[in-house]
Q: 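Below: one structure in structure tokens.
Reckoned from all heavy atoms, side chains included, excluding hydrogens, waters and symmetry mates. Worth saying up front: this structure is predicted, and the values here are computed from it rather than measured. In this chain, residues are counted from 1 in sequence order.
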Amino acid sequence: SYRQCGGLYENPVIPEDCPDPGVVRVGSQYVLSCTGGDGGGTYVIRTSSDLVLWKKAGHVFPSGKGPTWATGDFWAPEIHQVGGHFVAYFSARHKDGKLAIGAATSQTVTGPYQDIGQPLIHDASMGMIDVSEFEDDAGKPYLVWKADGNAVGKPTPIYGQALSADGTSLVGNRATLITNDQGWEGPLVEGPFVVKKAGYYQLFYSANAYYNGTYAVGVARSQSPLGPYQKAGPPILKTNAAWVGPGHCSVVDTPDGDTYMVYHAWQAGHVAGPGDGRLTLVDAVFWENGWPVVPAAPPTRS
């Protein structure tokens, strides 16, 4: 029998290509969006009451309604409730050729969303991708994102900065939270997602090559939103016999206070080949000595 996410289920929960799943909970509903789109638009939105059974509920940008400043490479969207409305943050390629971070707003979580008209973060000398929003204990919003240094042979710092109350502009100074300085991380760290748990701001991130078994999830923590952050060391989620390259996770609490990680992975034997996709998995997160652990993951069965 199946009793929602505390009961029995099978991975993948989305058995089709859905890379970089961004998931948030709004009341008793979970909302997911992921890289790319389909014939109906860009960034398919899915909703669920249990993190397992998902149904399509529209697009962030319906066909023909995307940002006019962007030309393609629509990656890693996340929808967050900020300042009384919803903001969809995303990465896309600017007309000047650089990857940039955009934002779009809506009064309803399932959209459609209206782009703010220009990139939220754009650097003519460095691509910027993989954006996520979180709030401190006082409800002040922050943004985290990655510099795409690996594309030009440089390190890949993950930055953090405070946001305006409506979530559509940056305020204050940018801080470097972490960079790729561990052996297992290889040429990059990316896909940041921050939650406040066990007395710390927990920064989940992915590292190494998304297209093979080196890709994995690590974590760093801090008592301040902008650091300094201390890394746990080894990854907490990595390749096993069934799943390859797990990563780019979101972390959400259920209404009962349990914590789950939603992430993508390749099915073993179907890695980065023609027709292969990164499928969406869900696993429980537990806490030991103030650090997250994901035991026996990634599994096929709950």
Q: Output yes when D253 and K197 qualify as a salt bridge under the 4.0 Å nitrogen-oxygen rule, no when they do not.
A: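 Yes.
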
Q: Using atom types as modelled and distance alone, determine if a side-chain donor or acceptor of T156 lies under 3.5 Å from a backbone N or O of D148.
A: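 Flag not set: sc T156 to bb D148 has no pair under 3.5 Å.
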
Q: Would the distance check show the side chain of D130 and the main-chain N or O of E190 forming a donor-acceptor pair, the cut-off being under 3.5 Å?
A: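 Here the side-chain-to-backbone pair does not exist.
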
Q: With no hydrogens and no angle check, is any side-chain donor or acceptor of N173 less than 3.5 Å from a backbone partner on Q161?
A: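 Flag not set: sc N173 to bb Q161 has no pair under 3.5 Å.
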
Q: Quick one: does K238's side chain have a donor or acceptor within less than 3.5 Å of a partner on A297's backbone?
A: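 Checked: no pair found.
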
Q: Any heavy-atom pair between the side chains of L281 and M261 that's under 4.5 Å?
A: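 No; the side chains remain at least 4.5 Å from each other.
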
Q: Taking it one step at a time, do S132 and E78 satisfy side chain to side chain donor-acceptor pair (under 3.5 Å)?
A: CA-CA 7 Å; S132 185; E78 289 188 10; 2.7 Å; yes

Q: So do the side chains of V217 and P235 get within less than 4.5 Å of each other, counting heavy atoms only?
A: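 Side-chain contact under 4.5 Å: no.
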
Q: Is there a side-chain contact between C18 and L279, using heavy atoms and a 4.5 Å cut-off?
A: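 Sidechains of L279 and C18: no contact.
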
Q: Could you give the distance from CD (Q107) to CD (Q114), rounded to the nearest 0.5 Å?
A: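 That separation rounds to 12.0 Å.
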
Q: Any heavy-atom pair between the side chains of P192 and I158 that's under 4.5 Å?
A: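 I158 vs P192: side chains touch.
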
Q: Below 30° counts as parallel, above 60° as perpendicular, anything between as tilted: where do the rings of F193 and H80 land?
A: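 Tilted.
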
Q: Looking at side-chain heavy atoms only, is the closest gap between L143 and V131 below 4.5 Å?
A: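 The answer is yes; the side chains approach within 4.5 Å.
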
Q: When the ring planes of Y43 and F61 are compared, do they come out parallel, tilted or perpendicular, using 30° and 60° as the limits?
A: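 Taking F61 first and then Y43, their aromatic rings sit tilted (interplane angle of 30° to 60°).
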
Q: Would you call K98 and D123 a salt bridge, taking side-chain N to carboxylate O under 4.0 Å as the test?
A: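 Looking at D123 together with K98, the answer is no, because their closest N to O distance does not fall below 4.0 Å.
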
Q: Keeping Y9 on the side-chain end and V282 on the backbone end, is there a donor-acceptor pair under 3.5 Å?
A: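 Flag set: sc Y9 to bb V282 pair under 3.5 Å.
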
Q: Please work out which of the three classes, parallel, tilted or perpendicular, describes the rings of Y205 and W184, given edges at 30° and 60°.
A: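 Correct class here is parallel.
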
Q: Is the number of heavy atoms from other residues, nucleotides or ligands under 6.0 Å of Q29 CD greater than 12?
A: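 Check passes, neighbour count above 12.
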
Q: In terms of side-chain geometry, is the basic nitrogen of R93 or D73 positioned less than 4.0 Å from the acidic oxygen of its partner?
A: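 Result for this pair is yes, salt bridge flagged.
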
Q: Just so I know, are the side chains of T110 and F86 near enough to count as touching, which here means a heavy-atom distance under 4.5 Å?
A: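 Not touching, per the 4.5 Å side-chain cut-off.
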
Q: Tell me whether W243 contacts the main-chain N or O of N240 through its side chain, where contact means a donor paired with an acceptor under 3.5 Å.
A: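 Absent.
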
Q: Measure from the side-chain N and O atoms of W69 to the backbone N and O of G102, and report whether any donor-acceptor pair falls under 3.5 Å.
A: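 A pair under 3.5 Å: no.
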
Q: Step through the shown structure and confirm whether more than 12 heavy atoms of other residues, nucleotides or ligands are within 6.0 Å of NZ on K140.
A: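 No, the 6.0 Å shell around NZ holds no more than 12 heavy atoms from other groups.
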
Q: Do W145 and I129 have side-chain heavy atoms sitting under 4.5 Å apart?
A: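 W145 does not reach I129 side chain to side chain.
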
Q: Output yes when a side-chain donor or acceptor of T239 lies under 3.5 Å from a complementary backbone atom of G213, and no otherwise.
A: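 Indeed, once roles are kept as given, a pair shorter than 3.5 Å links the two residues.
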
Q: Nearest 0.5 Å, what's the CD1-CZ distance between I79 and F90?
A: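 Between I79 CD1 and F90 CZ, I get 11.5 Å after rounding to 0.5 Å.
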
Q: Any ion pair linking E16 and R278 (charged N to carboxylate O, less than 4.0 Å)?
A: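 Result for this pair is no, no salt bridge flagged.
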
Q: Do the side chain of R46 and the main chain of G58 share a donor and acceptor less than 3.5 angstrom apart?
A: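 Here the side-chain-to-backbone pair does not exist.
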
Q: Is the shortest side-chain N to carboxylate O distance from D136 to K196 below 4.0 Å?
A: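 Salt bridge: no.
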
